[in-house]
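These values consider heavy atoms only, across backbone and side chains, with no hydrogens, waters or symmetry-generated copies.
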Number of protein chains: 2
Amino acid sequence: MSEKLLPRAERRRRTEGRILDAARTLFAELGFERTTIRAVARMAEVDPALVMQYFGNKQELFRRAVRVAPVPDAGLDSDELVEYLLGTLTLKIGELPQSSLAMLRSMLTHPEAAASARELLGRQIDRLADSVHGEDARLRAALMTMIMLGVTVGHQLLELDELREVSQEEIARVLRPSLRALTGPEV
Amino acid sequence: MSEKLLPRAERRRRTEGRILDAARTLFAELGFERTTIRAVARMAEVDPALVMQYFGNKQELFRRAVRVAPVPDAGLDSDELVEYLLGTLTLKIGELPQSSLAMLRSMLTHPEAAASARELLGRQIDRLADSVHGEDARLRAALMTMIMLGVTVGHQLLELDELREVSQEEIARVLRPSLRALTGPEV
DNA sequence: TCGTTGAGTCAACGGTTGTTGAGCGAAATG
DNA sequence: CATTTCGCTCAACAACCGTTGACTCAACGA
């Protein structure tokens, strides 16, 4: 146990990291309400009071735990667009970051998670709308986003057998035409 | 207030109905965890203890509140299939029964709601798989179901502006090609 | 070396929640 | 009319939760 010998700053950094990891795991698995500060502390091998001392309250702990990477920039043609989406699916199915899972898990029942989800999905829609042309570009971008949301929810959160049984490549292959049907006319 | 004069059986029936209506409303709006027996009782204008007396516990109240209509039987061709799905969307967007909304709202955070959702979606997939032909019939049926789930979640539960701003017919029109892309070859 | 800082613990409070048991009063029953 | 039934309320309990304040002790800076 060389941990006791670490300098103060480093020790603090690691403990905070352990708490955030535990929080992400539990929020992703159970959602905001069913995750207790006590359980997070137990998993991080720390006193519950320390979690409060570091993060103020449960709300703020959640906020810090679900900080998610920003959506990359736009400017793709139709083909690249579809492959980008199917790629995120592959990514999602493989190892979607637990911070995103935590947000998705709580988005239907926790007001702030819902707000975060709306913002994230809104950015995704904006980004797609830039690469989609023709009429109803924005609506089509929104529907593409909803398709990906539905598949991700079914696969990652509901863990439906029908999606778990097949490979990510197979899902991408079968789903591809549906996304292509929503990309606008070629430029 | 002629209610006081009603016969016992009728009075009981109406009170139970009021409780179930209140429960459905709150479960659909807040999900299982954030809905309290006390809030349900308040909305039904009844003492909290009465809810327990009638339904035993919160779990059973939820079970009774989310009883959902069974999925109709199969045997459609590809066109009918797509229109059936888009029709449920119209239905969903208009007035999806609150019992279904209650189940959907809690499916990511409440274990039993998740089980119900898996069962309901599983039946939907079975039903579609009967009307879809060719290879990967089951996977394609599952993806069609996930598409509808994603659109419904985005529209009904997350209430995304991008979907709320347009009419249900417009959504159906733009979404149709994506569903058609998943129906098998014509018989 | 000595005082200060800060990581981490301990025990407790106040509030909310699901749940229970005793009891009231009006309707049903004979 | 007397008695039983039962819809319904009242008050309380036990458990759990987020949160707080006082405290311990080792690392740090002068």
Colleague: Let me know the distance between CG of B:Asp47 and P of C:dG23, rounded to the nearest Å.
Modeller: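 About 17 Å, once rounded to whole Å.
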
Colleague: Quick check for you: among C:dT20, D:dC28, C:dG18, whose closest atom lies nearest to any side-chain atom of B:Thr36?
Modeller: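 Closest nucleotide among those given: C:dG18.
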
Colleague: Quick check on C:dG6: is either OP1 or OP2 less than 4.0 Å from any side-chain nitrogen or oxygen of A:Arg11?
Modeller: no

Colleague: Atom CZ of A:Arg42 to atom P of D:dG18: distance rounded to whole Å?
Modeller: 11 Å

Colleague: What nucleotide, of C:dT9, D:dT19, C:dT19, holds the atom closest to the side chain of B:Asn57?
Modeller: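 Comparing C:dT9, D:dT19, C:dT19 against the side chain of B:Asn57, the answer is C:dT19.
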
Colleague: Hey, could you give me the CG/OG distance between B:Leu175 and A:Ser178, rounded to the nearest 0.5 Å?
Modeller: 8.5 Å

Colleague: With respect to the side chain of A:Arg8, which nucleotide from D:dA27, C:dC10, C:dG8 is positioned closest?
Modeller: D:dA27

Colleague: Are more than 12 heavy atoms, taken from residues, nucleotides or ligands other than B:Glu10, located less than 6.0 Å from that residue's CD atom?
Modeller: yes

Colleague: Give, for atom CE of A:Met43 and atom CD1 of A:Ile19, the distance between the pair rounded to the nearest 0.5 Å.
Modeller: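 With rounding to 0.5 Å, CE (A:Met43) is 13.0 Å from CD1 (A:Ile19).
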
Colleague: Does a distance-only test, which skips hydrogens and angles, find a donor-acceptor pair under 3.5 Å between the side chain of A:Arg12 and the base of C:dG6?
Modeller: no

Colleague: NA contact type, B:Phe55, heavy-atom cut-off 4.0 Å: base, sugar-phosphate, or nothing?
Modeller: nothing

Colleague: Would you say B:Thr15 reaches D:dG7's phosphate, i.e. side-chain N/O to OP1/OP2 under 4.0 Å?
Modeller: no

Colleague: In terms of the angle between their ring planes, are B:Phe32 and B:Phe27 parallel, tilted or perpendicular, with boundaries placed at 30° and 60°?
Modeller: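 Because their plane-to-plane angle is under 30°, the rings of B:Phe32 and B:Phe27 count as parallel.
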
Colleague: Give a yes or no on this: more than 12 heavy atoms of other residues, nucleotides or ligands lie within 6.0 Å of atom CZ of A:Arg13.
Modeller: no

Colleague: Measure from CD on A:Gln59 to P on D:dG18 and round the result to the nearest Å.
Modeller: 12 Å

Colleague: Any idea which of D:dT19, C:dT19, D:dT9 is nearest the B:Leu50 side chain?
Modeller: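 Of the options given, the side chain of B:Leu50 lies nearest D:dT9.
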
Colleague: Which heavy atom of A:Glu33 sits nearest to which heavy atom of A:Thr109, and what is that distance?
Modeller: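 Heavy atoms only, the tightest pair is OE2-O, 3.5 Å.
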
Colleague: Atom CD of A:Glu10 to atom C1' of C:dG6: distance rounded to whole Å?
Modeller: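 Value for this atom pair: 16 Å.
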
Colleague: Let me spell it out: for each of B:Tyr54 and A:Pro48, pick the nucleotide of DNA chain D with the closest heavy atom. Which residue's pick is nearer the 5' end?
Modeller: B:Tyr54

Colleague: Consider the side chain of B:Met52, meaning its heavy atoms from C-beta on, and name the nucleotide among D:dT19, D:dT9, C:dT20 that approaches it most closely.
Modeller: C:dT20

Colleague: Closer to the 5' end of DNA chain C via nearest nucleotide, is it B:Ala9 or B:Thr35?
Modeller: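 The residue whose closest nucleotide sits nearer the 5' end is B:Thr35.
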
Colleague: Measure from the side-chain heavy atoms of B:Ala49 and tell me the nearest of D:dT19, C:dG21, D:dG21.
Modeller: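 Closest of the options to the side chain of B:Ala49: C:dG21.
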
Colleague: Between D:dG18 atom C1' and A:Ile19 atom CD1, what is the distance in whole Å?
Modeller: 15 Å

Colleague: What is the distance, rounded to the nearest whole Å, between atom CZ of B:Arg14 and atom C1' of D:dG7?
Modeller: 15 Å

Colleague: Quick one: B:Arg38 CZ to D:dA12 P, roughly how many Å, whole number?
Modeller: 13 Å

Colleague: Expressed as a whole number of angstroms, how long is the span from B:Glu45:CD to D:dT9:C1'?
Modeller: 15 Å

Colleague: Report the nucleotide, chosen from C:dG8, D:dT9, D:dT19, that has the shortest atom-to-atom distance to any side-chain atom of A:Gln53.
Modeller: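 Among C:dG8, D:dT9, D:dT19, the one nearest the side chain of A:Gln53 is C:dG8.
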
